[in-house]
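Here's the structure, in structure tokens; my notes come after.
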Amino acid sequence: MAEVKVKKEANLSDPAEVESRIRDLCQQFPHGITDQVIQNDMPHLEPQQRALAINKLLSLGQLDLLRNSSGLLYRMKDTQSTSKVKGSDNQEKLVYQIIEDAGNKGIWSRDIRFKSNLPLTEINKILKNLESKKLIKAVKSVAASKKKVYMLYNLQPDRSVTGGAWYSDQDFESEFVEVLNQQCFKFLQSKAEAARDSKQSPMVQRNSSFATSHEVWKYICELGISKVDLSMDDIETILNTLIYDGKVEMTVIAAKEGTVGSVDGQMKLYRGVNPVIQPTGLVRTPCGLCPVIPDTLATILKGV
Amino acid sequence: MTTQEVRLCGLLLREHFGDVVEKVGTHLLRNGAQNLRTIIHETGISLDLVKKSLCVLVQHGTCVFSSGRKGPGSPMEYRTGCDRILRILRYPRYIYTAKTLYGDTGELIIEELLQRGEMTMSTTVKTVADRLTQNMEEGRSMDYSEVSSAFSKLVETHFLQRCPPQAGAGATPAAPATADTPGTPATPVSTTQLTPERFPDCYKVPHVTLIGRGKRQLSSEDGEDQRNAKRAKMDSETHGDEGIYWQVNFERFHLHFRDQAIIAAVANKLDQTSSEIVRTMLRMSEVTTSPTATCTKPLSANEIFRSLPASYNIPRPILDQYLTLLVDDPMEFVGKAGESGGGMYVVNLHRALANLARATLESVVQERFGSRSARIFRLLLRKRHLEQKQVEDFAMIPAKEAKDMLYTLLSQNLVQLQEVPKTPDYAPSRTFYLYTVNQLPTARMLLQNCYKTVANLIERRLFETKESKRLLEKSQRIEAILASLQASGAEPEQLTEVEEMITAPEKQQLDALRLHINKLDSAENQVDETIFLIESYVNSTATSS
């Protein structure tokens, strides 16, 4: 190897040789090489030439420039992705890289502008270009309907952007939620009634009227009214709305790790309850439901 | 003393006592304690009428008098309070309760005492016996001893109490107003409010010699009877209980209503047996618990088991299970206070009242704004402070609709906004805006709404009566003619002729009118139930804080 090295050293000034040497080094260290490593390998290479070679490789799209705590890292890029952006110019590649880094949360156009320091018009042109090449796509965020986030074409948008199971195409599916709400309530109510009719001792009655969140989840899955897969957390949010409706109450019990449906050693139990009082006397009169009752005070003060 | 309360008190006074008393009463309510001269001067009513109105008010316990601001020698000052007048709204409920507990006799005793304000035992017994005899068949009459025993029972269970005697220090000549009415001697009284319970003889039945039977009135003088109900019946006999006047103990009735509300809530939430257990517990602590206590005295499970009604033969372990279930219930009606005696249990009175008041608030929001707003309201009650986005997420309501509902609730003052600034300058973009519900102020606001509602209902009823006054008078005249004709033995043709003086549409109108007035009356009673719940809750927080 010594001759090779000597030979290499002799042709130090050849930029192509430098580039291929750097590329070999990158392949040797797939996690990336620092400037230091290149320097160690070719100690007689001047920093200028080194920089030139590295820039050439970067512009060709064969090297990735990363930054870590100690300095800059150069990493070999996948040939596949290299081929994708072939034919695009530097700016597009830069924008593409930024979007790729954003992962499945997507990135807003203004943030792209900050990261790349390119003017807005350029950014818009590039984004349109990339979209037509089907490399990226725009996803409307559910939180702010005017905001569009961009992400790679083949990525699934993250839950926080689309809103999860309750949103389809940026619309909150209230009927779906309502249907689920009623189904869960009916299930719990029928369980409570069955427990009441069984006429056993009160403790057994109450315990049999409870249903774990896992049972409710299974019931809803088997009902098949949902097109999307619902997780147990989703069902728990639906059951919470039933609690806020005053129709259901919840207790938490300690459960052994490993019993079906237990999360962190706890299980949530739900049961249907009856309301505590009938609709109160005030709301049986028209005044109780009157929408203008605060305004009538003024007329009373004037008249009486 | 809010505007609504004063307006409602005015309407109640006018209906029960007339215009003059209403003027004097509302004047005193608005202006606090005043002496006789000022009242006459400011209301413009003559001395005689003012004196009589004050008599009426004092007789019914509405007005108290005390020596003036400048010391014991100055003229008497008269003061009224709203709450006593507002009790008038609840009279039907008191009478009905007495009827369910003590039968017709009890009902009539309470009714007489409510109408007269305060009376001696002997007068009450005689009047009630007479009234009962009226309604019995010919030849039978009511014995005084039966009525006396009913009276004593009422006193034993504290539903009736003696009126506090006025302190008999040196009489001053400057109190002529009260000389007419029996039972309120013209002597100055210390300014501290003397509760009847500070006197040891409060619930002691005096030894009264009452032998006789009720007398039936011979001629049908229904109209006169009504008018005489408010005047004192002058009786020449004495029965050994002069000067001992009795009044209705409203607090005791209120405790009874509160217990009933708790039992009904337990029955709704759990089941019949649990409510029976709670009823037993409350009955056992009726006399041992003070009215303002947070919870009853601890009762051991053994005692409860022994005191259960015989019809409910629940085995002991089942009773223990029911008690455990009651304790575990999130509503916290019953709490466990210890382990001795098989488990010591208490009924959490204040907490039960708070839960009932919360359920009332939720019910009002639900009926007024819909079940989704009720969901948001309950959510805020549970989670205390939430941001707008969190409300939408937890309640699973689309953002636009949730915003709309929150703003409606905010404008009606049912929900409040709490600002938590990030920077000292409260810039809107850098502040957290949290929605919250405060139960106590909201309950107070709802109470004022209830007063306004009842006042509106009363006014509507008076309006309807006034509109059809002519028709009502005509129907009354015809009834009087019919009655006199029947009494003097007339032929059927004459009767039908008189009946036909009311045409069919008029009859329809009369029926419709009667229906409306009955509905308005029952609506007043229903709103009064809400008033009672919220008032008890507000008072319970006042005493505990």
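In what follows, chains are A, B, ... by sequence order, proteins preceding strands, each numbered from 1.
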Verdict with supporting geometry, A/Glu249 and B/Lys269, side-chain contact (heavy atoms from CB on, under 4.5 Å): CA-CA 12 Å; A/Glu249 66 180 21; B/Lys269 184 98 198 295; 3.5 Å; yes
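- Contacts of A/Pro275 with chain B are made by backbone atoms alone, with heavy-atom separations under 4.5 Å and no side-chain atom involved.
- Considering only heavy atoms from C-beta on, A/Val283 stays 4.5 Å or farther from B/Arg368 through its side chain.
- B/Thr360 and A/Thr280 form no side-chain donor-acceptor contact under 3.5 Å, judged by distance and modelled atom types alone.
- The parts of A/Asp245 that come within reach of chain B are both its backbone and its side chain, each placing non-hydrogen atoms under 4.5 angstrom from that chain.
- The minimum heavy-atom distance between A/Thr241 and B/Phe394, with the atom names listed, is CG2-O, 3.4 Å.
- Put simply, the residue from B/Val454, B/Val527, B/Asp528, B/Ile531 that forms a side chain to side chain contact (heavy atoms under 4.5 Å, CB included) with A/Leu282 is B/Val527.
- If you tally non-hydrogen atom pairs under 4.5 Å between each of B/Met331, B/Gln366, B/Glu401, B/Glu367 and chain A, the highest count goes to B/Glu367.
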Chi angles and distances behind the side-chain contact (heavy atoms from CB on, under 4.5 Å) call for A/Ile243, B/Arg382: CA-CA 10 Å; A/Ile243 296 178; B/Arg382 253 175 200 264; 3.5 Å; yes
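- Heavy atoms of B/Leu325 lying under 4.5 Å from chain A belong exclusively to its side chain.
- Using a 4.5 Å cut-off between heavy atoms, B/Leu457 touches chain A through its side chain atoms alone.
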Derivation and outcome, side-chain contact (heavy atoms from CB on, under 4.5 Å), residues B/Asp271 and A/Arg196: CA-CA 10 Å; B/Asp271 63 355; A/Arg196 221 173 298 145; 6.0 Å; no
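- Put simply, the side chain of A/Tyr244 reaches to within 4.5 Å of the side chain of B/Lys383, judged on heavy atoms.
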